[in-house]
Amino acid sequence: ASDVYKRQEFREYGSKGGCRYYIHDEWTQQAGGYGLFKIEGSLQLEPQDLLAFVFDMDQVAQVDPTVVLNKVLVTYRGKAKGDPFSAVAYWANNPGFPFYIRDGIDLTTYHKDEDGTMWQMSVSLTGGNFFQSQPGGFEATDRIFGYKLVPQGDGTTRVTLLCQTVLGGYIPKLLSNYMVCKVLIDYMKTIETTVQKRKETGEHQQVLKELELDG
């Protein structure tokens, strides 16, 4: 996964709110025109704060207004306290009228390097008949959704987010890519303030404890 973050074929696509975003043309073409985006920015949070945010579905729903439902279906814990864990999660997002809901099931996990860098990665589970999109919806696929979180030693984290989601259905590709990019940028900008507010109420610390990310 780390090779994807290092590849040089990304083309600058724009910037907003202190974040810069890029598109990978070759991988976009391979996915039928659905963009592979990379977003880079710096957030006033520690890597474990970002991980807790990703795995706390309630927080994600607060930040992304397109979320209809986010739910962890099952969690696979490590053998020892504080070991990385994996989860299977259902997600459903509403692109807005006149388009139908898109949903999918993702396998998500993370890894921590010795230098404190954290990696989070999600991919959709596809194939077979184990999942059917809800009535009136379209099954979508996260080909890749993941973070590289590098602590800066001053309470900030250098964040790189990769995302390539195949929405399917009848949304024009240019519009699909615009919508995904907009949501991702707004998502990145809002994480910081959302986590800070939840720290003030103690909710965030509770999530860290429940996920064993407070060690």
Q: Can you tell me how far CG of Leu50 sits from CD of Glu192, rounded to the nearest 0.5 angstrom?
A: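 The CG atom of Leu50 is 9.5 Å from CD of Glu192, to the nearest 0.5 Å.
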Q: Do Arg102 side-chain atoms and Gly168 backbone N/O form a donor-acceptor pair below 3.5 Å?
A: yes
Q: To the closest 0.5 Å, what do you measure between CD (Glu203) and CD (Gln205)?
A: 9.5 Å
Q: Give a yes or no on whether Lys199 atom NZ has more than 12 heavy-atom contacts from other residues, nucleotides or ligands under 6.0 Å away.
A: yes
Q: Using a cut-off of 6.0 Å, state whether more than 12 heavy atoms not belonging to Phe131 lie near its atom CZ.
A: yes
Q: So if you build clusters from Ile, Leu, Val, Met, Phe, Trp, Tyr with side-chain heavy-atom gaps below 4.5 Å, do Ile39 and Val183 land together?
A: no
Q: Find out whether the Lys NZ or Arg CZ of Lys38 is both under 6.0 angstrom from the six-membered ring centre of Tyr22 and within 45° of the ring's axis.
A: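 So Lys38 does make the cation-pi contact.
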Q: Not counting sequence neighbours, which residues clear salt bridge (charged side-chain N to carboxylate O under 4.0 Å, His left out) with Asp25? List them please.
A: Arg11
Q: Hey, is the main chain of Ser122 close enough, under 3.5 Å, to the side chain of Asp106 for a donor-acceptor pair?
A: no
Q: Is Thr108 reaching over with its side chain to a backbone N or O of Ala87, donor-acceptor style, under 3.5 angstrom?
A: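 Flag not set: sc Thr108 to bb Ala87 has no pair under 3.5 Å.
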Q: Tell me who clusters with Tyr170, hydrophobic residues only, linked when side chains sit under 4.5 Å apart either directly or through other members.
A: Tyr100, Phe138
Q: Just one of Tyr21, Phe37, Phe53 clears the ring-ring contact (aromatic ring centres under 6.0 Å, His included) bar with Tyr187, so which one?
A: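 Only match with Tyr187 under ring-ring contact (aromatic ring centres under 6.0 Å, His included): Phe53.
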Q: Using a 6.0 Å cut-off, check whether atom CG of Leu174 has over 12 heavy atoms from anything other than its own residue.
A: no
Q: Going by side-chain heavy atoms closer than 4.5 Å, which hydrophobic residues are tied to Val123, directly or by a chain of links?
A: none
